[in-house]
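Positions are given from 1 along the sequence. First listed ligand is number 1; within each ligand, the first listed atom is number 1. It should be emphasised that the depicted structure is a prediction, and the values quoted were computed from it without experimental measurement.
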Amino acid sequence: MDRERARRYGYATRADANPLRIARAEGAWLYTEEGQAILDASGGAIVSNVGHGRREVAEAYARELERISYALPPFATESRVRLVERLVSRWLPAGLVRVGFTSGGSESVDTALRVARLHHVAAGRPGRWKVIARELSYHGTTLATLAVGGHSKRRKGFEPWLAELPKAPACYCWRCPLGKTYPSCRTACADEVEAAILAAGPDTVAAVIAEPIGGSTAGALVPPDDYWPKLAEICRRHGVLLIADEVMTGFGRTGKKFAVDHFGVTPDLLIGGKGLTGGYAPMGAVFATEAVVAPIAARGDEIMFFTYSAHPASCAAADRVLQILEREALVPRAAAMGEKLGKRLSRLLDHPNVGDVRGRGLLWGVELVQDKTTREPFPAQAGLTNKVVAAGIAEGVFVYPGGVDPARDVITLGPPFTISEHEIELIGERLERALESALARLHER
Ligand SMILES: Cc1ncc(COP(=O)(O)O)c(C=O)c1O
């Protein structure tokens, strides 16, 4: 594909757009049409968990397509039944036994919101409709998921369409929105979720939704161990459903099957995406307890599907990706290699502009600041994050841009679980060089 054709590929691209032209990918590496090898340190958008180029996944996908090109989502297919059985018996926290599929993360969150609402309506509590989320969160880009989410940049311009829903503060210890310090704070930010429920009126609240470990919005925010148990207890006490959005953290990314497993919490609804198929097929999922869906099923209410929900070939790809994760013990590997990546990234803390390095398993965030003492970010117009990402590509490493005020400049890392120690060292070295190069160009437009 020539440069001019590549430039015209997009939808609303800038006139000077010069997209990376990817020819192929293998393991943790992307290869451009010019033959440059780029280490995919973020697995795209924190998606590629088993690495690129797994022929057996492509073959499973193709075989299923040959058998059935498409089946209406309410129909049963062998590949779907097999996948549901694998998920329930080997992957999901005990109690999550109901499984629905969509074509991605946003659709899954959207579905979970509708399920939570329908649950209360069917159970005779039609007054419960509000969903409480936290600041600095991302739950997708449909209008409903933007409305619940707390990602100010992605909401911008759409506000007239977004339902006004209560927000609680983020759990962000490095810049505590309450100005407190753990553990003396006694996780006051979880109490703020309860305060939001009380202020909204508990009888009007359907659910609380949160990412157990934050994604790229503020860069892998890891809560203290007692935060999620407290959140679960608050929700239970007020009859509010707890939804864990694990689109980014699910399927081993944080070193356990699901991030809630770190905290011993089973939510009422859990959402998966990305890692379910490791990027090999567009798919997301909504998992629920029997108690959540029972009133809906008893009334015979329909939860409308998306046309490509539970596509047979996507089910076959997901089943094969999960088999690979099991066979190669990649979830414990994500935990072990994650520690090594964390150690390597922590060396960046010697740099005067690296404020914080945080994460769990193979999901890490690096927050960049102008002044480490005051934690003052760089000016927004400097566009530091994008400059680091561009410089990273020039150095041969792809890192994922993130950050929303006050966590303005954040780099998120999430390589495939197959990443080697040598590749981790390369990520560290190349990211260091990218940072220097971006800082040298700070004042360029
Ligand atoms: C926590 C979370 N929820 C929802 C989404 C949206 O998923 P998708 O982009 O597949 O629609 C994302 C995507 O990054 C995410 O990280």
Self-check item: Part of Lys274 within contact of ligand 1 (heavy atoms, under 4.0 Å)
Solution: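 Answer for Lys274: side chain.
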Quiz item: So which bit of His139 gets within less than 4.0 Å of ligand 1, heavy atoms only: side chain, backbone, both or neither?
Solution: backbone
SB check [X] [Y] (cutoff 4.0 Å):
X      : Y      : answer
Arg155 : Glu159 : no
Asp191 : Lys230 : yes
Glu59  : Arg320 : no
Glu326 : Lys257 : no

What atoms in ligand 1 come closer than 4.0 Å to a heavy atom of [X]?
X      : value
Gly140 : 4 (C), 6 (C)
Glu211 : 1 (C)
Asp245 : 1 (C), 2 (C), 3 (N), 4 (C)

Quiz item: Among Gly273, Gly105, Ala210, Ser137, which one has a heavy atom closest to atom 7 (O) of ligand 1?
Solution: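 Closest candidate by heavy-atom distance is Gly105.
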Quiz prompt | Shortest reach to atom 8 (P) of ligand 1 by a heavy atom, considering only Ser103, Ser106, Ala244 | solution =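 The option holding the nearest heavy atom is Ser106.
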Quiz item: Aromatic rings Phe398 and Tyr400: how do their planes relate, parallel, tilted or perpendicular, breaks at 30° and 60°?
Solution: perpendicular
Quiz item: Take atom CZ in Arg55; do more than 12 heavy atoms of anything else shown fall under 6.0 Å from it?
Solution: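 Atom CZ in Arg55 is not crowded, with 12 or fewer foreign heavy atoms closer than 6.0 Å.
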